[in-house]
> 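Dumping the structure here so I can ask a few things about it.
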Amino acid sequence: MKEKKYFAPSELIINEDGSVFHLHLKPEQLADKVILVGDPGRVALVASHFETKEYEVQSREFHTITGTYKGKRITVQSTGIGCDNIDIVLNELDALANIDFTTRTEKETHRTLSLVRIGTCGGLQPNTPAGTYIASVKSIGFDGLLNFYAGRNEVCDLQFEEAFKQHMHWNPLLCSPYVIDGDKELIDRIAQDDMVRGVTIACGGFFGPQGRELRVPLADPKQNEKVECFEYEGLRITNFEMESSALAGLSTLMGHKAMTCCMVIANRLAKEANTGYKNTIDKLIEKVLERI
Ligand code: R1P
Ligand code: URA
């Protein structure tokens with residue numbers, strides 16, 4: 001029989017109270033259904049729909065509430081901004097689900113989490129004005145995260161990746177972009193006719209990587225023009241945000257189901273932004289809570 005891998009205290013850091021290092025959650029406090037949001041303040045908005053709350057904790061940008069919505073046990077977890085935080089959140093959630101914290105070895109049976117990210121994004125097409133909900137069927141990672149994990153080539157859409165790099169005349173100094181699908185079953189259940197199904201670029205930044213130029217010029221001034229006209233097998237790139245690729249990629253490698261849906265708050269074509277979105281995102285939250 002294969003010897004079980006032991007996860008040393010330096011690799012999986014467990015706090016004195018038995019909770020995982022950054023999230024401060026214990027295994028029994030995590031539900032199978034998880035809603036991820038960027039903004040820690042959005043956690044209370046999601047949980048305002050819960051009929052019961054069993055646990056709440058906050059440390060740094062990681063705010064967590066576990067409770068129930070219409071009898072379904074759900075954990076809502078904030079990630080803060082960016083794929084670096086997704087690396088922390090996904091690894092710690094997976095450890096809570098699949099590693100025995102007493103023996104520091106993998107559990108015998110795999111526990112699969114369903115993870116739905118509810119975020120905000122910038123729209124890139126005429127059919128994605130402010131207020132549109134976009135479900136990411138595919139994500140293009142400009143963040144480089146998945147390239148650090150084995151198995152990246154087995155789970156990514158390499159043909160799409162190659163077509164995109166050719167179209168963009170990709171500068172390899174930027175990063176090695178990866179293309180990864182969201183979970184099909186979850187997308188079919190959650191992205192109904194009221195959501196646009198699209199291709200999302202997840203960036204390691206809000207400004208330059210998303211083609212926003214303030215005082216410092218961009219390396220490629222035509223980046224967004226090229227992004228907006230790229231088409232592959234009938235799919236167009238619909239939006240920019242900052243976490244969906246890392247979420248879809250790590251979840252696939254770990255054996256979880258994940259998808260991202262975002263509300264457009266800035267339309268890059270129309271050059272318009274909606275900063276009063278905090279009330280309207282609640283409608284998207286309700287749809288996800290009903291369908292998760
Ligand atoms: C940038 O303003 C942040 O907003 C988007 C981006 O992905 C990034 O995290 O998502 P959230 O509203 O979920 O944070
Ligand atoms: N979030 C992003 O990452 N980009 C936008 O343009 C809006 C929200």
Side-chain angles (χ1 to χ4, degrees), residues 34-47 58 60-65 75-90 115-126 128-136 138-145 175 177 180 182 190 195-196 198-214 218 223-224 227-228 237-250 258-285 287-289:
V34 183
I35 291 180
L36 299 171
V37 294
D39 181 355
R42 207 176 294 148
V43 170
L45 187 60
V46 175
Q58 175 147 22
R60 302 190 190 220
E61 55 269 71
F62 309 116
H63 183 193
T64 318
I65 298 179
T75 293
V76 52
Q77 170 73 60
S78 65
T79 64
I81 288 180
C83 76
D84 46 351
N85 285 332
I86 295 292
D87 186 59
I88 290 174
V89 171
L90 258 287
L115 304 132
V116 179
R117 168 172 146 69
I118 305 175
T120 60
C121 68
L124 290 169
Q125 298 293 340
T128 61
T132 308
Y133 304 142
I134 303 178
S136 309
K138 282 184 192 289
S139 289
I140 307 177
F142 279 13
D143 53 84
L145 182 78
C175 68
I180 181 86
I190 289 184
M195 297 188 197
V196 169
V199 178
T200 301
I201 297 184
C203 297
F206 185 82
F207 288 94
Q210 298 189 21
R212 283 190 171 92
E213 186 176 299
L214 297 187
L218 299 173
Q223 176 183 306
N224 278 14
V227 162
E228 282 155 18
I237 296 169
T238 45
N239 58 324
F240 279 130
E241 51 83 84
M242 297 174 63
E243 294 85 10
S244 62
S245 54
L247 171 61
L250 281 181
M259 69 164 288
T260 290
C261 47
C262 287
M263 190 177 84
V264 177
I265 60 154
N267 187 272
R268 304 296 300 284
L269 278 181
K271 308 215 177 296
E272 283 171 359
N274 166 21
T275 52
Y277 65 86
K278 292 214 161 125
N279 296 329
T280 38
I281 202 165
D282 204 34
K283 294 269 175 297
L284 178 57
I285 290 170
K287 288 177 195 298
V288 172
L289 284 170

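Counting convention: from 1, in listed order, for ligands and their atoms alike.
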> Is it the case that the side chains of Thr79 and Asn85 hold a donor-acceptor pair, with the cut-off being a distance below 3.5 Å and no angle test?
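No, no side-chain donor-acceptor pair sits under 3.5 Å.
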> Can a donor-acceptor pair be found, under 3.5 Å and without considering hydrogens, that links the side chain of Asp143 to the backbone of Gly82?
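The answer is no, because no donor-acceptor pair under 3.5 Å joins these two groups.
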> Write down the atom of Val37, the atom of Arg117, and the distance for their closest heavy-atom approach.
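Answer, listing the atom of Val37 first, then Arg117: C-NH1, 4.5 Å.
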> Looking at every non-hydrogen atom in both residues, tell me the closest pair between Cys121 and Glu241 and how far apart they are.
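Taking every non-hydrogen atom into account, CB-CB, 3.9 Å.
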> Is there a donor-acceptor pair closer than 3.5 Å between any side-chain N or O of Gln210 and the backbone N or O of Met242?
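Such a contact is absent between Gln210 side chain and Met242 backbone.
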> Going by the side chain to side chain contact (heavy atoms under 4.5 Å, CB included) test, name the single residue among Val34, Leu36, Leu247 that passes it with Val89.
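Only match with Val89 under side chain to side chain contact (heavy atoms under 4.5 Å, CB included): Leu36.
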> Around ligand 1, what residues show up once you keep those with a heavy atom under 4.0 Å from it?
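For ligand 1, the contacting residues are Gly38, Arg42, Ile81, Arg117, Gly119, Thr120, Phe206, Glu241, Met242, Glu243.
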> Write out the protein residues near ligand 2, meaning a non-hydrogen atom under 4.0 Å from one of its atoms, in order of chain and number.
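Its neighbours under 4.0 Å (heavy atoms only) are Thr120, Cys121, Gly122, Phe206, Gln210, Arg212, Phe240, Glu241, Met242, Ile265, given by chain and number.
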> Please check if the side chain of Glu243 supplies one atom and the backbone of Ser245 the other of a donor-acceptor pair under 3.5 Å.
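Here the side-chain-to-backbone pair does not exist.
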> Is the shortest distance from a Lys or Arg side-chain nitrogen in Glu228 or Arg268 to a carboxylate oxygen in the other one below 4.0 Å?
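So Glu228 does not pair with Arg268 through a salt bridge.
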> Looking at Gln58 and Glu61, would you say the former's side chain and the latter's main chain have a donor-acceptor pair under 3.5 Å?
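No; zero donor-acceptor contacts below 3.5 Å.
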